[in-house]
Amino acid sequence: MIQFRDVTLIYPRGPGVFDIDFYVDIGELVFLVGPSGAGKSTILKLIYMDLMPQSGEVEVNGFLTHRTRRRYVPYLRRTLGLVFQDFRLLPDRNAFDNVALPLHIVGLARHEIRERVYSALEDVGLGERTHHYPRELSGGEQQRVAIARAIAKNPAIILADEPTGNLDAATSLEILDLLTFLAEENGSTVIVATHDYTLTSRKKGRLIEINEGRLLD
Amino acid sequence: MINKFLYLVTEGIRALWRTRLPMVGSTLTIALTLVIFGGAYIALSNFDRATRRLQTQYRIDVFFDPLLTNQEAFQVYQRLKDVEGIASTEFISKERAADIFEREFGEDVMEVLGTNPLNTGAIVLVARGYRTVRRINRIADEITRIPSVDDVAYRGELVRLLERYLQFAVYSGLGFGVVTLLGAIFLVSNTIKLSIYAKREAINILHLLGATRKFIRFPFMVEGTLQGLLGSALAVGIVVGLLDVANYILEQFVLYRIIRPPYLVTGLVIMGIMLGSIGSSRGIRKFLTPRALKAAT
Ligand SMILES: Nc1ncnc2c1ncn2[C@@H]1O[C@H](COP(=O)(O)OP(=O)(O)OP(=O)(O)O)[C@@H](O)[C@H]1O
Ligand SMILES: [Mg+2]
């Protein structure tokens, strides 16, 4: 569950987002679309509380921005699965260890971690590639590892910031299908930020459009 | 929970391996620091023990005119009590002198010479506040000036001088030790800094995945503490090894063994761990901040 209430954030040097007000329900699929520089990443950062609003408030899974101290932000993030354009995998760890990382952070037992990692890698079709390092995987495969990492902890919400930005058209569709399929299976809310309108037409999800820091209705 | 702990310890060891070159420098500096402090501790405690045994260094043997009878000698002995800086005195009659002679040389003078030519005299122990070369000299001079005192003998001077040199060596060694100690802390925090910078992307990712500050810091603490532990292991090896070698050599010549003072090994290990953890927490405090990480990119 995500709620923005009249959120404004202005960067010290430059624009930001203004009077953002929207609600995303549990299990929804939402496309956050808009041209480059519109403020999509900014909104996602507000959701995972990398940024805090200057006015208004954001509520995510019961965490309220104005009541959540910095040191509790990690606990919010454990309820989220994040996927980025540049994958953000640890280059010196293989697929298995990358997917295991958030589970170690949560502090699961060893055997539980093994089980979940293998099943997550299986789910994204990389059951045979568990011991490959990121440099030994294609861009699409790396993004699958990142998706496996995001879903392994059964997050309530998955946030994907241009998840297909570095991939060709065919692979992009595969990745999007995978992401939405797994999220649906899991009952997770999904927000995909993208400037690629063709992508959004492929899936029936809600569109939230943004331009120059403001939502369009 | 236990799994999380093991995971983070492993992370620390990996990090240590990655920065192994600067790590060698900091580990050696820790070892050097500990060898200096361990050596000083051994030197001081051995000297302390040696001087406690060699009470004689604060003892002045006083010999009276050999022509004095016991009774006359005792009169002279009484005058010793007026001398300032004396802790205790013991009267040595002709008979007592013969006893001492027999104990030391295994011969009875009366049997050998048929007469007792030994001097009467006294044994004087210098009071605590007067145990410096100058003061003992002054006391000895004053005793010599008493009529009928023939001679005084004391060995304080040599021991005292030795003690002075040793103290000088130990304290300048410790001064140098403080410098290497600061250097060790600096070098450990430097390896931590390198390690943090090398992993700044990973630190970023960890933050995004919901890692707490503790989780992120812990491996760096392990990394620094391990450097301390390695350094202390090295230092213990060196100190204990040198001690054995020194004792082996001493054994060939004299009947003196350098003792290993209590808690030497424990002390070195604890000090090593402390150096390592102080160094790593300094590194973390200075370089694992959002601002420092941003400045590095
Ligand atoms: N740290 C920052 N400091 C100042 N301005 C920033 C900062 N981050 C982003 N901006 C500006 O805020 C606006 C919105 O940025 P944001 O990254 O949210 O856009 P976006 O919609 O994600 O764009 P893209 O599709 O290119 O990723 C842009 O004009 C950008 O230049
Ligand atoms: Mg963006």
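Computation of the quantities below employed the complete heavy-atom set of this structure, encompassing side-chain atoms and omitting hydrogens, waters and symmetry-equivalent molecules. Within every chain, numbering begins at 1; the chains are lettered A, B, ... in the order of the sequence lines, protein sequences first and strands thereafter.
Contacts from residues 54-75 of chain A to chain B, taken as heavy-atom pairs separated by less than 4.5 Å, involve A:P74, A:Y75 in sequence order.
Interface residue B:L208: backbone and side-chain heavy atoms are both found under 4.5 Å from chain A. Looking at A:L80, neither its backbone nor its side chain comes within 4.5 Å of chain B, counting heavy atoms on both sides.
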Could you list the donor-acceptor pairs under 3.5 angstrom formed by side chains in residues 89-100 of chain A, with sequence neighbours left out?
residue, atom, partner, partner atom, Å
A:D92, OD2, B:R18, NH1, 3.0
A:R93, NH1, B:E11, OE1, 3.3
A:R93, NH1, B:E11, OE2, 2.7
A:R93, NH2, B:E11, OE1, 3.2
A:N94, OD1, A:F96, N, 3.1
A:N94, OD1, A:D97, N, 2.9
A:N94, ND2, A:H131, ND1, 3.3
A:N98, OD1, A:L90, N, 2.8
A:N98, ND2, A:L90, O, 3.1
A:N98, ND2, A:R93, O, 2.9
A:N98, ND2, A:N94, O, 3.2

Only distances under 3.5 Å count here; give the side-chain donor-acceptor pairs of residues 177-186 of chain B to other protein atoms, sequence neighbours excluded, each with its distance to 0.1 Å.
residue, atom, partner, partner atom, Å
B:T180, OG1, B:T33, OG1, 3.0
B:T180, OG1, B:G177, O, 2.9

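B:W17 carries B:R20 over the face of its six-membered ring, with the cationic atom under 6.0 Å from the centre and within 45° of the normal. A cation-pi contact, defined as under 6.0 Å to the ring centre and within 45° of the axis, is absent between B:K4 and B:F218.
In B:R260, the CZ atom is not crowded: 12 or fewer heavy atoms of neighbouring residues, nucleotides or ligands sit closer than 6.0 Å.
The candidate from B:L6, B:L206, B:L8, B:N204 with the greatest count of non-hydrogen atom pairs under 4.5 Å with chain A is B:L206.
Side-chain contact of B:Q227 with B:S26: a donor-acceptor pair under 3.5 Å is present, judged by distance alone.
Screening residues 208-223 of chain B for side chain to side chain donor-acceptor pair (under 3.5 Å) gives B:T19-B:E223, B:S195-B:E223 as the qualifying pairs, with residues at least two apart or on separate chains.
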